There are 2 protein chains.
Amino acid sequence: MTNRKLEILTLAQHLFKERGYSATSVRDIAKAAGVEAASLYSHINGKEELLDRTCFTMAERFILGIKEVNDIYFDAALKLKMAVDTHVNILSNNIDASVVFQRDWRHLNEERRAEFIELRNAYEEEFRVIVQNGIDEGLFNEVDVKFAALTILSSLNWIVEWYNTEGSLSASEIAENLYNFILTGLKK
Amino acid sequence: MTNRKLEILTLAQHLFKERGYSATSVRDIAKAAGVEAASLYSHINGKEELLDRTCFTMAERFILGIKEVNDIYFDAALKLKMAVDTHVNILSNNIDASVVFQRDWRHLNEERRAEFIELRNAYEEEFRVIVQNGIDEGLFNEVDVKFAALTILSSLNWIVEWYNTEGSLSASEIAENLYNFILTGLKK
DNA sequence: ATTTTTGCCTAACGAATGTTAGTTATGACG
DNA sequence: CGTCATAACTAACATTCGTTAGGCAAAAAT
């Protein structure tokens, strides 16, 4: 991918984040790039390519992240801690793309959407496995695995809705807070 | 609001849920209603009215819900339990509208969007107050209040992404599972 | 020096968008 | 019966949409 194409992709991701994919026109993206709409087509095949690349690049990053965590750590609690940390760091390093990944994958065409959902399911499954391992190892309560994983993933997925680059907490601090809360719970 | 208008609103909410507000055309809604696009304008002022009514009706429902919980219950733990239960029940009784409320409020015009955000903030503040009360009453751990509330709200907000009307769990069962997990945490 | 490639341009396409104006069929109410 | 309200219609509007075709200037490669 050429520099210019990457630049266009980045600009598009920012606009998609602000306005949503459907409400962002090719002309909006062109304007941000300081170029006529038609000129974009020297670099991209179409608007959907920008969405597609964004969604699948992020999916790959998240999946690669959790694979590394699974390879490096053994203890389930540590795996979970690092999976959360990795997720939040990827997200904070690609905040625009993460928002698009989270919100706009629905606008992928049917075929690609199906592939995307598969990747997402695989990612979520990794979290369920970690929670199950923690239970088997006697580290975690015998909670409903699906439910516990869902709560963790909800918190992770929701971060894009409130994360602020200028906020006081770093990505790893957010991850640590989240991990601690999920482990400890509210009850005294 | 006439029956027919309500019918159109309901159909629109379903389409907005499936395709998103921006990607749903007035003609799509008209087709669902078995009518020409222009005919809708006997009933509505415009497309945005459908979004506006959806977002603000749901906001009112959620806020009324938590006010009632605050009036009826005193104990912070019970308040939280019932706030979660009420939220999930409202959501499951209005699943299409809830999804739109969650995803598409961004497409409100600037003025209404600002009002909407204020309502949302007020709602979220109620959760923070409950958590803080729980800590003050010695029921809850001395967690970071913002963070704890955020995790709870993340889980609540994310429910629309996986909730299935045909699922095996009722709204109150989901609420109970969620509440228990948040209170207890993972750690044994 | 000549050719090729790159990156943009203008112009235009057909389709879809939200919305309006004006009209008509139907049925309720006096 | 005549009047009015309701709910739909057809036709059209000005825009905007994603995209294509063809060309042109500058830079890179030969």
Side-chain angles (χ1 to χ4, degrees), chain A residues 1-56 96 100 103-113 116, chain B residues 1-56 96 100 103-113 116:
Chain A
M1 191 160 55
T2 65
N3 277 351
R4 187 57 172 148
K5 184 166 181 176
L6 185 62
E7 207 176 335
I8 290 164
L9 179 61
T10 305
L11 290 166
Q13 287 167 346
H14 189 66
L15 288 169
F16 291 165
K17 175 195 168 191
E18 297 297 315
R19 313 179 189 182
Y21 174 76
S22 289
T24 304
S25 72
V26 172
R27 284 169 179 84
D28 290 335
I29 301 166
K31 194 170 193 177
V35 132
E36 291 299 316
S39 305
L40 291 183
Y41 287 80
S42 314
H43 303 279
I44 61 169
N45 295 325
K47 186 186 173 189
E48 194 177 349
E49 186 192 343
L50 296 167
L51 176 64
D52 193 284
R53 285 193 108 90
T54 303
C55 290
F56 283 90
D96 289 348
V100 177
R103 292 184 192 154
D104 284 325
W105 60 268
R106 276 167 251 271
H107 298 105
L108 291 168
N109 67 57
E110 202 176 330
E111 186 189 338
R112 293 292 274 167
R113 193 167 61 242
F116 181 86
Chain B
M1 194 160 53
T2 65
N3 277 352
R4 187 57 172 149
K5 183 164 182 178
L6 185 62
E7 207 175 335
I8 290 165
L9 180 60
T10 305
L11 291 166
Q13 286 166 347
H14 188 67
L15 289 170
F16 291 165
K17 176 195 167 191
E18 296 298 315
R19 314 178 188 183
Y21 173 75
S22 290
T24 304
S25 73
V26 172
R27 283 169 179 83
D28 290 335
I29 301 166
K31 194 170 194 177
V35 130
E36 292 299 317
S39 304
L40 291 182
Y41 287 81
S42 314
H43 302 279
I44 60 169
N45 294 325
K47 187 186 172 188
E48 194 178 348
E49 186 192 345
L50 296 167
L51 176 64
D52 193 283
R53 286 192 107 91
T54 302
C55 290
F56 282 90
D96 289 348
V100 177
R103 292 185 192 152
D104 285 325
W105 60 269
R106 277 167 251 271
H107 298 105
L108 291 168
N109 68 56
E110 202 176 331
E111 186 188 338
R112 294 292 275 167
R113 192 168 61 243
F116 180 87

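What you are looking at is a predicted structure, and each value in this text was computed from that prediction instead of being measured.
- In this structure, A:Asp104 CG and A:Asp52 CG are separated by 13.0 Å, a value rounded to the nearest 0.5 Å.
- A 6.0 Å sphere centred on CG of A:Asn3 holds no more than 12 heavy atoms belonging to other residues, nucleotides or ligands.
- Relative ring orientation between A:Phe116 and A:Phe56 is described as perpendicular, the plane-to-plane angle rising above 60° on a 0-90° scale split at 30° and 60°.
- Between B:Tyr41 atom OH and D:dA11 atom C1' there is a gap of 16 Å when expressed in whole angstrom units.
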Problem - nucleotides 21-30 of chain D: protein proximity per nucleotide (B base, S sugar-phosphate only, - neither; heavy atom, under 4.0 Å) - result: B---------
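- If you take CD of A:Glu36 and C1' of D:dC17, they are 15 Å apart, rounded to a whole angstrom.
- Contact check, B:His43 against D:dT6: no side-chain N or O comes under 4.0 Å of OP1 or OP2.
- What separates CG of B:Leu6 from P of D:dA7 is a distance of 13 Å, to the nearest Å.
- Between the CD1 atom of B:Ile8 and the C1' atom of D:dA8 there is a distance of 11 Å, given to the nearest Å.
- Closest-nucleotide positions on DNA chain D for A:Ala23 and A:Ser39 were compared, and the one nearer the 5' end corresponds to A:Ala23.
- Under the 4.0 Å criterion applied to side-chain N and carboxylate O atoms, B:Arg113 and B:Glu110 are not assigned as salt-bridge partners.
- Within the nucleic acid shown, B:Arg4 comes within 4.0 Å of sugar-phosphate atoms alone, with no base atom in reach, counting heavy atoms only.
- In this structure, B:Arg19 atom CZ and C:dT17 atom C1' are separated by 15 Å, rounded to whole Å.
- Base contact: B:Ser42 has a heavy atom under 4.0 Å from a base atom.
- Atom NZ of A:Lys47 is separated from atom P of C:dA16 by 15 Å (rounded to the nearest Å).
- Taking side-chain N and O atoms only, A:Ser25 has a distance below 4.0 Å to OP1 or OP2 of D:dC17.
- Where B:Thr2 and B:Arg27 each meet DNA chain D at their nearest nucleotide, the meeting point lying more 5' is that of B:Thr2.
- Taking 4.5 Å as the limit, some side-chain heavy atom of A:Leu51 sits within range of a side-chain heavy atom of A:Leu108.
- Nucleotide C:dT19 holds its C1' atom 16 Å from the CG atom of B:Asp28, rounded to whole Å.
- A:Leu9 approaches A:Met1 most closely through the heavy-atom pair CD2-CE, 4.2 Å.
- When heavy atoms are screened at a 4.0 angstrom cut-off, B:Ser22 is found touching no nucleic acid atom at all.
- Atom-to-atom, CG of A:Leu15 to C1' of D:dC17 comes out at 16 Å; the value is rounded to the nearest Å.
- Once rounded to the nearest 0.5 Å, the distance linking CG of B:Leu50 with CD1 of B:Ile8 reads 8.0 Å.
- If you check every strand for non-hydrogen atoms under 4.0 Å, A:Thr24 touches sugar and phosphate atoms only.
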